[in-house]
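For this chain, numbers begin at 1 and follow the sequence in order.
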Amino acid sequence: MTFKFKAIDHIQLAAPKGSEEQARKFFGEILGFEEIEKPAELKKRGGAWFQFGNCQIHVGIEEPFVPARKAHPAFEMENIEGLKQHLTSTGIDYIEDDKLPGANRIYVNDPFGNRIELLEWLK
């Protein structure tokens, strides 16, 4: 082959019209992702972009909106127990799942009903 994949550049999640502030609160304030500036031409479409490390999450406006309840991004992290405590203290529900050997993982829904997997590999 003459091509190769290097990395995931970004993940797109859909949200309903007018939901940017909810996205900022959830991804920015609760999960701690940094909001980044959208290109001027794309700002017209609404939504918000966030970043952690080398990965971006693009929350895009979709009408009509239908949340992704099965398809989901999965984020590897450190100190998932600390995250669980933080989510509980902010009133965010999560579902614990022990079906992946070697991982401590949970599922959480963003404010729009999109499923997000968060996991920490056990050492």
Side-chain angles (χ1 to χ4, degrees):
M1 287 188 196
T2 60
F3 62 89
K4 68 178 181 178
F5 292 96
K6 293 172 42 177
I8 292 176
D9 179 76
H10 72 275
I11 296 163
Q12 176 83 30
L13 295 174
K17 185 175 182 178
S19 61
E20 289 84 358
E21 288 309 311
Q22 287 177 287
R24 286 181 180 99
K25 180 172 177 150
F26 182 75
F27 290 101
E29 293 177 28
I30 294 174
L31 294 184
F33 297 164
E34 174 189 357
E35 184 171 3
I36 57 174
E37 193 77 19
K38 288 181 70 170
E41 185 62 29
L42 297 178
K43 282 184 183 180
K44 300 173 189 175
R45 299 178 184 178
W49 289 8
F50 303 90
Q51 180 171 323
F52 68 94
N54 293 327
C55 189
Q56 294 182 11
I57 299 170
H58 295 179
V59 177
I61 302 304
E62 183 175 63
E63 292 294 330
F65 169 71
V66 177
R69 298 197 186 279
K70 180 71 175 173
H72 62 274
F75 300 113
E76 181 181 357
M77 59 177 308
E78 293 178 7
N79 192 15
I80 196 166
E81 292 303 322
L83 174 66
K84 289 177 186 178
Q85 292 173 3
H86 176 66
L87 292 174
T88 299
S89 73
T90 57
I92 304 293
D93 294 328
Y94 59 88
I95 297 169
E96 294 193 65
D97 182 275
D98 63 357
K99 302 203 178 8
L100 180 61
N104 183 353
R105 72 177 175 170
I106 62 173
Y107 291 98
V108 64
N109 288 331
D110 71 11
F112 324 113
N114 295 310
R115 182 181 190 190
I116 298 173
E117 180 179 339
L118 302 157
L119 64 94
E120 181 174 24
W121 291 105
L122 304 173
K123 295 178 172 70

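- Under the 4.5 Å side-chain criterion, counting only non-hydrogen atoms from C-beta, Pro16 is in contact with Glu63.
- Taking CD1 from Ile116 and CD1 from Ile11, the interatomic distance works out to 9.0 Å, rounded to the nearest 0.5 Å.
- The side chain to side chain contact (heavy atoms under 4.5 Å, CB included) test applied to Glu34 returns Ile36, not counting sequence neighbours.
- The other residues sharing a hydrophobic cluster with Leu119 are Leu100, Trp121, where clustering joins ILVMFWY side chains under 4.5 Å apart.
- Residue pairs that meet the ring pair (Phe, Tyr, Trp, His ring centres under 6.0 Å) test with at least one member in residues 10-30, sequence neighbours left out, are His10-His58, Phe27-Phe50.
- Lys70 has its side chain within reach of Arg115: a pair of non-hydrogen atoms, C-beta onward, lies under 4.5 Å apart.
- The number of heavy-atom neighbours closer than 6.0 Å to CD of Glu41, taken from other residues, nucleotides and ligands shown, is 12 or below.
- Separation of atoms CD1 (Ile80) and NE2 (His86) is listed at 13.0 Å; rounding is to 0.5 Å.
- The aromatic rings of Phe33 and Phe52 sit parallel to each other, their planes meeting at less than 30°, with 60° as the upper class boundary.
- If you take CZ on Arg105 and CD on Glu120, they are separated by 14.0 Å, rounding to the nearest 0.5 Å.
- Taking the side chain as every heavy atom from C-beta outward, Val108 and Leu31 never approach each other to under 4.5 Å.
- Under the 4.5 Å side-chain criterion, counting only non-hydrogen atoms from C-beta, Tyr94 is not in contact with Leu118.
- In plain terms, the two heavy atoms of Glu37 and Trp49 that are nearest each other are O-CE3, 4.2 Å.
- Within a 6.0 Å sphere centred on CG of Leu122, heavy atoms belonging to other residues, nucleotides or ligands number more than 12.
- Between Glu20 and Ile61 there is a side-chain heavy-atom pair separated by less than 4.5 Å.
- Between the side chain of Glu117 and the backbone N or O of Tyr107 there is no donor-acceptor pair closer than 3.5 Å.
- Between Phe112 and Ala23, the closest heavy-atom pair is CZ-N, 3.7 Å.
- In this structure, CE on Met77 lies 9.5 Å from CG on Asn104, to the nearest 0.5 angstrom.
- In this structure, the separation between CG on Asn109 and CD1 on Ile95 is 6.5 Å, given to the nearest 0.5 Å.
- The distance from atom CG of Leu13 to atom NE2 of His72, rounded to the nearest 0.5 Å, is 11.0 Å.
- What you find for Lys38 and Gly47 is that their closest heavy atoms are CD-O, 4.0 Å.
- Across all non-hydrogen atoms, the minimal contact from Asn114 to Ala14 is ND2-O, 2.7 Å.
- Taking a 6.0 Å sphere around CG of Asn54, one finds it holds 12 or fewer heavy atoms contributed by other residues, nucleotides or ligands.
- A heavy-atom distance below 4.5 Å is found between the side chains of Ile106 and Leu87.
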